[in-house]
Amino acid sequence: MTKKIEAIIREEKLNDVKDALQAIGIVGMNVTECRGHGRQGGIELVGRSGAYKVDMLPRVQINIVLSDHNLEQAIDTICHAAQTGSVGDGLIFVYPVEDVVRIRTGERGRAALMYPGDIDTRPLG
Amino acid sequence: MTKKIEAIIREEKLNDVKDALQAIGIVGMNVTECRGHGRQGGIELVGRSGAYKVDMLPRVQINIVLSDHNLEQAIDTICHAAQTGSVGDGLIFVYPVEDVVRIRTGERGRAALMYPGDIDTRPLG
Amino acid sequence: MTKKIEAIIREEKLNDVKDALQAIGIVGMNVTECRGHGRQGGIELVGRSGAYKVDMLPRVQINIVLSDHNLEQAIDTICHAAQTGSVGDGLIFVYPVEDVVRIRTGERGRAALMYPGDIDTRPLG
Amino acid sequence: MDNLNTGDTAWVLISTALVLMMTPALAFFYGGMVRKKNVLSTLNFSFILMALISLQWVLFGFTLAFGKTANGIIGGLNYLGLTGVGAEPNADYAGTIPFLLFAAYQMMFAVITPALISGTFVERVKFKAFLIFSLLWATLVYDPVAHWVWGVGGILRNLGALDFAGGTVVHITAGFSALAFARVIRARRGFGNGSMEPHNIPYSVLGAGLLWMGWFGFNGGSALGANGLAVTALMNTNTAAAAAGVVWMLLSWRDHKPSVLGIITGAVVGLVAITPAAGYVTPLAALAIGAAAAPISYFAIKLRQGRHLDESLDVWACHGMGGLWGALATGLFASKAVNAAGADGLFYGNPRLFLVQLLAAAVTLIFAFGMTFLLATALKRTIGLSVSDTEEQVGLDIAEHGERAYA
Amino acid sequence: MDNLNTGDTAWVLISTALVLMMTPALAFFYGGMVRKKNVLSTLNFSFILMALISLQWVLFGFTLAFGKTANGIIGGLNYLGLTGVGAEPNADYAGTIPFLLFAAYQMMFAVITPALISGTFVERVKFKAFLIFSLLWATLVYDPVAHWVWGVGGILRNLGALDFAGGTVVHITAGFSALAFARVIRARRGFGNGSMEPHNIPYSVLGAGLLWMGWFGFNGGSALGANGLAVTALMNTNTAAAAAGVVWMLLSWRDHKPSVLGIITGAVVGLVAITPAAGYVTPLAALAIGAAAAPISYFAIKLRQGRHLDESLDVWACHGMGGLWGALATGLFASKAVNAAGADGLFYGNPRLFLVQLLAAAVTLIFAFGMTFLLATALKRTIGLSVSDTEEQVGLDIAEHGERAYA
Amino acid sequence: MDNLNTGDTAWVLISTALVLMMTPALAFFYGGMVRKKNVLSTLNFSFILMALISLQWVLFGFTLAFGKTANGIIGGLNYLGLTGVGAEPNADYAGTIPFLLFAAYQMMFAVITPALISGTFVERVKFKAFLIFSLLWATLVYDPVAHWVWGVGGILRNLGALDFAGGTVVHITAGFSALAFARVIRARRGFGNGSMEPHNIPYSVLGAGLLWMGWFGFNGGSALGANGLAVTALMNTNTAAAAAGVVWMLLSWRDHKPSVLGIITGAVVGLVAITPAAGYVTPLAALAIGAAAAPISYFAIKLRQGRHLDESLDVWACHGMGGLWGALATGLFASKAVNAAGADGLFYGNPRLFLVQLLAAAVTLIFAFGMTFLLATALKRTIGLSVSDTEEQVGLDIAEHGERAYA
Ligand SMILES: Nc1ncnc2c1ncn2[C@@H]1O[C@H](COP(=O)(O)OP(=O)(O)O)[C@@H](O)[C@H]1O
Ligand SMILES: Nc1ncnc2c1ncn2[C@@H]1O[C@H](COP(=O)(O)OP(=O)(O)O)[C@@H](O)[C@H]1O
Ligand SMILES: Nc1ncnc2c1ncn2[C@@H]1O[C@H](COP(=O)(O)OP(=O)(O)O)[C@@H](O)[C@H]1O
């Protein structure tokens with residue numbers, strides 16, 4: 001079965017997360033800029049005279065569609081790489097995916113999700 | 001059960017919707033800028049000489065992951081706050097969510113979705 | 001049943017895809033800018049002196065919520081319009097949708113997804 | 001044309017260009033501080049005034065300000081359409097440059113002053129109301145005050161008030177008019193809830209950098225020649241800007257962090273404050289004037305915020321209070337040793353100058369505030385001042401101009 | 001060096017700097033109007049010409065334009081590599097400033113003219129083709145026309161044609177060359193379906209603001225001294241820009257809404273139109289010239305759109321038609337009372353000047369159009385003019401320069 | 001004041017304004033090349049120095065550089081707080097303009113030099129460390145070197161070293177100080193993995209365009225008068241920039257594609273290289289100097305990259321090596337035929353000048369490198385040079401200034 005991971009992380013952690021995922025062989029991903037709001041209350045910014053609060057903070061959303069047997073490993077890896085320990089580290093959501101089509105080749109389903117260096121092409125270990 | 005709401009609304013309504021949701025205790029959310037196209041045909045913009053039509057209009061997409069017992073209230077609140085009555089007000093989509101992980105704490109599922117001031121921590125009424 | 005298509009395509013193909021979908025009567029859609037990474041390794045950019053590699057490339061994500069009997073036709077249309085044949089053409093993901101609400105009218109479900117010129121209002125053929 | 005001096009003419013020509021440039025510079029200074037959906041509207045407030053007020057000035061503004069005086073109150077119509085304003089110098093105003101150049105140079109001051117005011121009503125004013133207001137304000141407020149202070153026979157000039165480059169004529173009028181307008185127009189929807197973050201601070205930095213440069217023409221050019229006085233004015237201008245920039249940095253650091261928007265605002269406030277004094281004081285006095293200007297405007301902003309007044313880009317705090325301080329500081333620091341054509345100030349043993357400065361500032365301030373209050377109220381009651389809530393939500397760029405800044 | 005005047009020299013030095021600045025200003029004026037993926041390419045069309053044409057001018061361009069005339073058609077090679085062009089004035093061209101300064105000042109005109117043309121083929125031209133075209137154009141079109149109009153012994157100069165600061169040499173040549181080029185190169189893919197929204201109008205506003213300022217050097221500096229004539233030119237320049245900006249605003253308001261892009265375009269068109277006339281007319285005539293320029297270019301754009309011609313940034317409508325109107329208007333409004341070295345126009349009882357202006361404009365226009373058509377066709381048949389469809393879709397920044405403007 | 005010349009004064013006044021503008025121009029040149037999260041911080045490095053160093057200069061910097069010499073090493077305190085620096089010319093430095101204007105003009109050089117250095121430590125330096133460093137550097141490196149090279153009695157001036165507009169004083173000091181600083185401060189996290197794409201190249205193009213213009217004041221103004229020398233300097237400046245821009249384009253085209261960032265960098269490098277030579281060489285020599293400067297800096301960048309040194313914006317390669325080449329090239333191409341007050345270079349039969357230039361450059365280079373190394377090390381050991389990793393990840397705009405550039 002195929003799943004979608006939507007990880008909402010700090011902007012500045014994107015490179016770390018990308019590298020960590022690549023290290024375990026998760027190659028395909030898609031990143032959007034977003035602004036979010038959760039347990040973290042917002043941050044204070046300084047103006048000309050006095051400060052003000054901004055309650056929507058920039059975040060980065062990483063979308064990864066992957067096979068469910070790689071799901072837990074991906075979640076662990078993201079959690080690890082994206083953590084700072086202070087509020088605002090973000091969330092990971094998991095969704096069901098019904099189908100995958102690779103536009104260039106027309107491949108469908110799991111086959112469409114294989115990459116050079118992919119986690120599923122690596123020897124077990 | 002956990003659901004994801006994807007509400008596509010007018011940019012200028014974002015603050016109203018955010019405030020309305022906060023008022024009923026829905027705190028966590030994530031916002032992306034997008035451009036859309038639906039029943040509304042587009043708008044006319046003015047150029048140096050003459051006008052032209054832009055058929056992809058800026059919208060804001062609000063993503064909220066929440067427990068399904070809060071779903072209807074959230075939908076109502078968004079509809080209310082985002083409505084202007086003219087074409088282009090937008091759509092709300094609801095998706096199933098399989099799992100939620102809070103990166104900072106490792107909490108999973110419903111527990112990961114509790115916030116200070118959250119709807120689920122409020123006394124009934 | 002309602003489905004969501006998430007098509008990740010090249011930026012420069014957006015107009016072609018939009019026009020192709022409109023031609024078959026798929027009107028409603030929502031577009032986000034994103035950056036992605038897949039089988040394509042990245043591109044080389046030139047700096048002051050020397051070049052460097054950028055491994056997250058700009059993509060455009062098209063979200064379309066539609067009835068499942070239009071799904072295959074939409075996928076075909078997108079594949080066709082978005083293809084260049086070289087790596088980086090992108091992917092299409094399909095997700096289940098549980099509900100749709102049109103903010104302006106309060107319409108729900110399939111009714112909420114009808115547009116003037118819509119595929120479902122066209123005579124068969 | 002015997003007295004024409006090419007060096008003086010060259011310097012005033014280029015100063016004219018520099019002051020012209022200050023208006024687009026101001027456009028960016030302001031434009032960076034508004035939200036994305038209103039940036040074109042904000043830029044255009046400045047840009048269209050380059051066009052509109054230039055025409056007003058050529059047709060009748062110049063003659064109202066510098067025509068033959070009618071009892072010191074207003075200029076006569078002898079220079080209507082710039083007739084009689086030509087290549088010969090007019091010794092009353094500048095004996096070594098063409099009189100037409102004097103008119104061109106002064107035009108740029110007439111253009112930028114209403115543009116300064118526009119900071120008070122950005123993001124909500126109706127474009128049509130803005131146009132009418134600006135034209136009326138230039139005619140009924142700016143031209144008379146310019147006549148009082150700079151016109152031969154003008155009442156404040158006769159009084160002995162000093163205003164080297166427009167602290168009173170430009171900054172006090174603009175700042176207090178902005179205050180009056182803000183009291184008449186409604187606040188922006190959502191004002192006070194912190195959702196009005198500047199959309200592009202680099203634009204404001206660009207604007208401030210170009211304003212700093214342009215001010216060399218504003219103050220240095222006011223010597224109306226390439227002479228020692230111009231040099232003094234330039235050095236003072238730079239020094240005051242520097243001092244105010246550093247002090248503002250320290251203030252914002254003390255309270256929070258050293259804000260870049262604060263630093264550039266400080267520099268601009270220093271430039272404002274030195275404007276009336278630039279040709280009358282020493283560089284060290286300029287340093288003091290600039291250094292004191294920063295806290296004055298800084299706390300004026302806090303005061304304004306405390307009153308929950310949506311004077312959106314703080315024209316009053318920066319230009320009104322900065323200009324007022326500068327006018328008074330001229331009464332303190334002016335020295336005949338620097339400029340024999342000036343006067344000694346309080347610190348050089350002449351309390352009278354200080355009182356004259358106070359009086360001139362007060363008269364101008366009250367007049368500008370009052371007239372603007374009337375004009376704005378009249379417009380509000382007739383065509384209305386602000387756009388509808390929906391238009392404001394959509395943003396003035398699309399609602400008023402049918403355009404988006406960025407695609 | 002007896003006749004050198006430091007004031008005149010100072011003014012032409014700074015005018016040279018101002019006109020130089022107009023090229024990056026133009027880069028932003030144009031750059032804001034293209035799509036994000038082509039902005040670096042568009043900026044670079046202007047920037048690289050600052051480099052390329054400067055070298056061309058120093059090496060042989062100047063002598064082709066201002067060398068000893070060969071039958072009024074082209075300059076000789078006596079100033080090759082600027083030999084003999086030094087600190088002494090050349091009374092033929094400017095008796096009070098170093099001849100080398102005249103060469104430097106004129107260089108900036110040679111630079112900006114092909115940069116103006118670049119607006120016609122943005123977003124699709126091959127960089128290599130652009131480079132070759134610009135170099136050839138500068139040599140085969142600009143240099144000869146400059147010689148005809150401004151060179152001692154030049155055929156149009158001998159005819160008595162007036163072109164104060166380049167309405168014919170700069171704007172008519174650029175505008176009609178743009179038209180010719182647009183007829184040869186293919187349109188942008190997707191042209192006409194409204195998907196080509198300007199990506200950053202504030203950049204265009206910045207460019208327009210700096211162009212306005214720079215034009216004081218362009219027209220004012222063409223007096224080649226800091227004198228009454230420079231002042232007249234400056235005042236006329238400002239007035240025409242103002243009038244055209246306001247009129248364009250009204251036109252676009254009448255049809256839709258008061259477009260900011262329209263207002264700044266109007267101002268630029270006013271600047272174009274006054275260019276040939278700046279030193280020959282009164283401020284009120286400048287007002288009329290500017291006011292009439294706006295509808296001329298406005299409806300020229302509509303005409304061009306109606307013909308479905310992808311003359312992308314309307315160089316023809318703005319510069320070609322604006323310059324043409326300016327050249328003819330000089331034949332109407334010129335007055336010896338303003339400039340004794342000029343001539344009287346039709347409205348001052350001298351129809352001959354109008355006919356001369358018409359003839360000079362026609363000759364230039366036909367020559368520029370024809371030569372550009374030939375050059376562009378030759379390049380199209382050899383190395384090709386436009387990039388491939390894929391490259392165009394990806395954008396010229398990445399395809400041609402391997403760069404992205406924004407990250 | 002008998003000798004005051006208004007034309008000379010006008011030109012140096014406007015040159016002062018042009019050089020002032022170069023600092024915000026540099027801010028944008030640099031600001032475009034950093035990541036979005038650090039742009040305000042980077043802009044501010046330049047902007048705050050306009051304020052900070054202006055004060056330093058007025059209070060004691062000027063006197064350290066141009067006060068009565070103490071053994072040719074440093075200026076005395078006779079001009080502390082600019083006492084005695086007034087409207088009269090000082091024939092030692094400039095006989096036809098107010099001495100105060102000389103001080104103001106030189107101030108702008110003192111401001112921009114440390115701003116140039118800031119390119120080496122962007123995106124990671126602590127703001128407080130930056131402020132202290134800049135103030136100390138201006139006092140302990142810039143002021144002495146300015147005295148050596150330009151002060152009456154200065155050791156390098158006495159030696160006969162030529163530096164027309166600051167190739168040694170400005171560019172060699174800045175470039176080699178940048179190198180020293182980069183060796184002391186840690187690299188940016190992630191340096192070398194290609195993730196540091198410039199966030200807004202159009203800003204850099206804007207900066208480069210304005211720098212080009214400003215350099216006419218930098219080099220042209222260094223003639224300290226509106227004369228043939230100023231014109232020569234201007235023409236040379238433009239020609240060298242043009243040549244270097246074109247050559248850099250060809251280099252990057254040969255290796256990859258014609259990079260726009262490369263072209264503008266080339267132009268700036270050409271401007272750097274011609275700085276010391278601008279008033280001593282012919283335009284064709286300027287062409288050669290510019291053309292050779294491009295590969296020198298181009299390959300210096302490659303060298304620096306090969307050493308994995310995070311000298312972030314290549315101040316050493318562009319300013320240090322460009323300035324060094326310019327200083328040596330002055331020893332090659334200088335000609336008394338161009339400037340009688342100069343000297344003949346190697347190519348005109350005088351090998352001595354080349355050796356003097358080499359010596360002067362070497363002394364300056366070693367002094368600047370050494371002092372900066374010491375200063376940076378001392379700061380590193382005490383308050384620390386760089387922000388924490390978390391602050392760097394978040395970006396200096398928020399971490400150090402509490403601001404975001406774009407909303
Ligand atoms: N219920 C939710 N639905 C969608 N996105 C959410 C939700 N809660 C939080 N987010 C996103 O996750 C980000 C981090 O949330 P936050 O609660 O601040 O994290 P942390 O648990 O680390 O404190 C938010 O900025 C927002 O973008
Ligand atoms: N089928 C769809 N799939 C995805 N997004 C859609 C769809 N239909 C509309 N949208 C999004 O919703 C926005 C509003 O749609 P529109 O039909 O104009 O709203 P309204 O019903 O208020 O007229 C669109 O701009 C687009 O972003
Ligand atoms: N597993 C994935 N999950 C989410 N998005 C992906 C995934 N794989 C690829 N993508 C997105 O699709 C884009 C194209 O992928 P790529 O493999 O380069 O396409 P192609 O098959 O045409 O070579 C990527 O840039 C990325 O945005």
Side-chain angles (χ1 to χ4, degrees), chain B residues 1-11 13-14 16-17 20 30-42 54-63 65-66 68 71-98, chain C residues 1-9 11 13-23 25-35 59-67 93-121:
Chain B
M1 284 285 293
T2 314
K3 302 289 174 200
K4 176 190 188 187
I5 287 181
E6 203 176 278
I8 294 159
I9 61 166
R10 298 176 187 278
E11 287 184 302
K13 283 293 185 182
L14 177 60
D16 294 353
V17 170
N30 198 35
V31 173
T32 328
E33 274 157 36
C34 56
R35 282 168 298 151
H37 187 67
R39 289 194 190 165
Q40 189 181 13
V54 170
D55 64 355
M56 299 291 277
L57 300 182
R59 292 279 177 268
V60 146
Q61 172 176 330
I62 307 181
N63 293 341
V65 174
L66 76 186
D68 57 1
L71 186 63
E72 287 302 318
Q73 201 184 345
I75 290 177
D76 283 358
T77 306
I78 296 173
C79 279
H80 207 82
Q83 232 170 43
T84 69
S86 22
V87 272
D89 279 353
L91 292 166
I92 300 176
F93 305 119
V94 180
Y95 307 96
V97 176
E98 298 198 342
Chain C
M1 285 282 295
T2 314
K3 301 289 174 199
K4 176 191 189 186
I5 286 183
E6 202 176 277
I8 294 158
I9 62 165
E11 288 184 301
K13 284 293 184 182
L14 177 59
N15 274 327
D16 293 353
V17 171
K18 198 184 69 187
D19 294 350
L21 286 170
Q22 220 134 23
I26 290 179
V27 178
M29 72 179 62
N30 199 34
V31 173
T32 331
E33 274 158 38
C34 57
R35 282 168 298 152
R59 292 279 177 270
V60 146
Q61 172 176 330
I62 307 181
N63 294 340
I64 303 170
V65 174
L66 76 186
S67 304
F93 305 119
V94 180
Y95 307 96
V97 176
E98 298 199 343
D99 204 354
V100 179
V101 187
R102 188 165 285 269
I103 291 173
R104 177 166 48 95
T105 58
E107 289 159 283
R108 287 228 163 180
R110 189 159 300 188
L113 286 175
M114 301 289 263
Y115 303 90
D118 194 89
I119 187 167
D120 289 324
T121 64

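Chain letters run A, B, ... following the sequence lines, proteins first, then strands; residues in each count from 1. All values reported here derive from a predicted model rather than from experimental measurement.
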Atom pair CD/NE2 of C:Gln22 and B:His37 - distance to nearest 0.5 Å | 3.5 Å

Atom group of B:Gln83 that falls short of 4.5 Å from chain C, counting heavy atoms | both

Closest non-hydrogen atom pair between C:Pro96 and B:Pro96, with its separation = O-CD, 3.7 Å

For residues C:Leu14 and B:Arg35, determine if any side-chain heavy atom of one lies less than 4.5 Å from a side-chain heavy atom of the other.
-> yes

Under a 4.5 Å cut-off applied to non-hydrogen side-chain atoms, are C:Val100 and B:Ile92 in contact?
-> no

Can you tell if the side chain of C:Val97 reaches within under 4.5 Å of the side chain of B:Val94, non-hydrogen atoms only?
-> no

Provide the closest heavy-atom pair for B:Gly85 versus C:Arg104 in the form atom of the first, atom of the second, distance.
-> O-CD, 3.4 Å

If you tally heavy-atom pairs under 4.5 Å against chain C, which of B:Gly88, B:Ala82, B:Gly36, B:Cys34 wins?
-> B:Cys34

What part of C:Gln61 lies closer than 4.5 angstrom to a heavy atom of chain B: side chain, backbone, both or neither?
-> neither

Region of B:Ser86 that comes under 4.5 Å of a non-hydrogen atom in chain C = backbone

Of all the heavy-atom pairs spanning C:Thr32 and B:Thr32, show the shortest one and how long it is.
-> CG2-CG2, 3.6 Å

All heavy atoms of B:Ile75 vs all of C:Val101, minimum pair found to be CG2-CG2, 4.0 Å

Do C:Lys18 and B:Asp55 touch side chain to side chain, with heavy atoms closer than 4.5 Å?
-> yes

Which bit of C:Leu21 comes within less than 4.5 Å of chain B, counting heavy atoms only: side chain, backbone, both or neither?
-> neither

Please name the pair of heavy atoms, one in C:Arg102 and one in B:Leu91, separated by the smallest distance, quoted to 0.1 Å.
-> CA-CD2, 3.5 Å

Taking the six-membered ring of B:Phe93, is the NZ or CZ of C:Lys4 close enough (under 6.0 Å from the centre) and on axis enough (within 45°)?
-> no

Rounded distance (nearest 0.5 Å) linking atom NZ of B:Lys3 with atom CG of C:Asp99 = 10.0 Å

